[in-house]
Amino acid sequence: MTDSKSASAVAYLDHAATTAMRPAALAALTESAVELGNPSSLHSAGRRSRRIVEESRESIADRLGVRPSDVVFTSGGTEADNLAIKGLFWAAVAADPDRNTVLVSTIEHHAVLDAVEWLVDHEGARVEWIPAGINGQVDVDWLAERLARDASHIALCAVMWANNETGVVQPVESIAAMCEEYEIPFHCDGVQAVAWLPEPARWRSRKSSLAISAHKFGGPVGVGALVVNGVTPHPLFHGGGQEIDVRSGTVATALIASAAAALHETASNRSIEVPRVRELSQRLRAGIATVAPESVVVGEASERLAGINSVAFPGCQADALLMLLDSVGVACSAGSACTAGVPRPSHVLLAMGVPSDQAQGTLRFSLGWNSQPSDVDALIAALPAVLERARRANRGGSRVAAGAS
Ligand code: PLP
């Protein structure tokens, strides 16, 4: 196990939640954190910080194949998604009050879903849901028909680049092209995808935006960006007018420098790391298939990110499995959200049509840039006993007391 991994977990298989900081990102963070100037100040200390921010912006833009002036730094993916969804909706309605309908896929992260629902509850928005199939992909034929019927009321369309639970890559290039044809802004949540996919501009159309978050590609928590192309969202925050008046707030020099270093290292190592992680994922799925032949890989037939493996264990509850695995040092994530102690199957899996009992027993094992075969092997070694206990608990209708922290 490398130094940068979680000290408590024997096997950290939750890189899609947050991954380890890359060495270059840590170095950039500590180097820039001692810079004193506010990048908006005019004195030389401020100008030094401004230079760090602008060089970082250029580096990130270069990696994403966009112009530096299109990169708007935010506090992370959630803010970038909120800025896009609310800001593009407000901009559309300000230009034409009849454009109040949002088209959004059913498999989005809550950063998008809840922003849309907030608009419905508070701003008079209408929402139409783009369905997804059992393969984990959104239905582009549905979208094509919907747009052909009447696109005149649509404020924006939002579909993520790759899903955070299943890893399934979405047909964003076709969706961006359709939105361009009907001149509708397209927002793409690229938070999970940018670390893994080599084609940085698949999401781009003449009016589009992309959300990214540094802690998903080896940077620090608390910094991300909304990349805009031909759109200007109305701001969520009002204040100093930083970030082209779209995102006020003192610009976080050290976090931004660290994010740029992380993305640079990610892109430079991608051709080696992606096949290595893909192979580890294969080892993981083969190992699970051996010890749990009844398990089902979600979205197996679709193109998926190299590191995300969503696996259903019929006859088990995901929260029980998660706690039992945690008690033996294996960290993973449930495909379900636990609200007030009541486990609910994930909205993503249900939207795909995964049967509820299967969705209730689904775990996500996500690998990252520094994952090792020993991480996978620790999971496979632990699984038989964990599955046996979880099945027994499920049959007896009892909750598992795993002694997890
Ligand atoms: N969008 C997706 C697809 C995510 O997976 C996440 C985080 O899990 C977010 C948005 C939110 O990003 P952040 O944690 O930077 O707020």
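Order of appearance sets the numbers: ligands from 1, and atoms from 1 within every ligand. Every heavy atom of this structure was used, including side-chain atoms; hydrogens, water molecules and symmetry mates were not. Remember, predicted model here, so these are calculated numbers, not experimental data.
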Restricting to pairs with a member in residues 112-131, which pass ring pair (Phe, Tyr, Trp, His ring centres under 6.0 Å), not counting sequence neighbours?
Trp118-His122
Per-ligand residue contacts, ligand 1, heavy-atom threshold under 4.0 Å:
Gly76, Gly77, Thr78, Asp81, His109, Met160, Asn164, Asp189, Val191, Gln192, Ser213, His215, Lys216
What residues, two or more places apart in sequence or in another chain, satisfy salt bridge (Lys or Arg N to Asp or Glu O under 4.0 Å) together with Arg283?
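Arg283 satisfies salt bridge (Lys or Arg N to Asp or Glu O under 4.0 Å) with Asp377 once adjacent residues are dropped.
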What residues, two or more places apart in sequence or in another chain, satisfy side-chain hydrogen bond (donor to acceptor under 3.5 Å, both in side chains) together with His215?
Thr18
Side-chain heavy-atom pair Thr232, Val246 within 4.5 angstrom cut-off
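Yes, close enough: below the 4.5 Å cut-off.
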Tell me whether Arg202 contacts the main-chain N or O of Ala176 through its side chain, where contact means a donor paired with an acceptor under 3.5 Å.
no
Does a donor on one side chain and an acceptor on the other come within less than 3.5 Å for Ser209 and His187?
yes
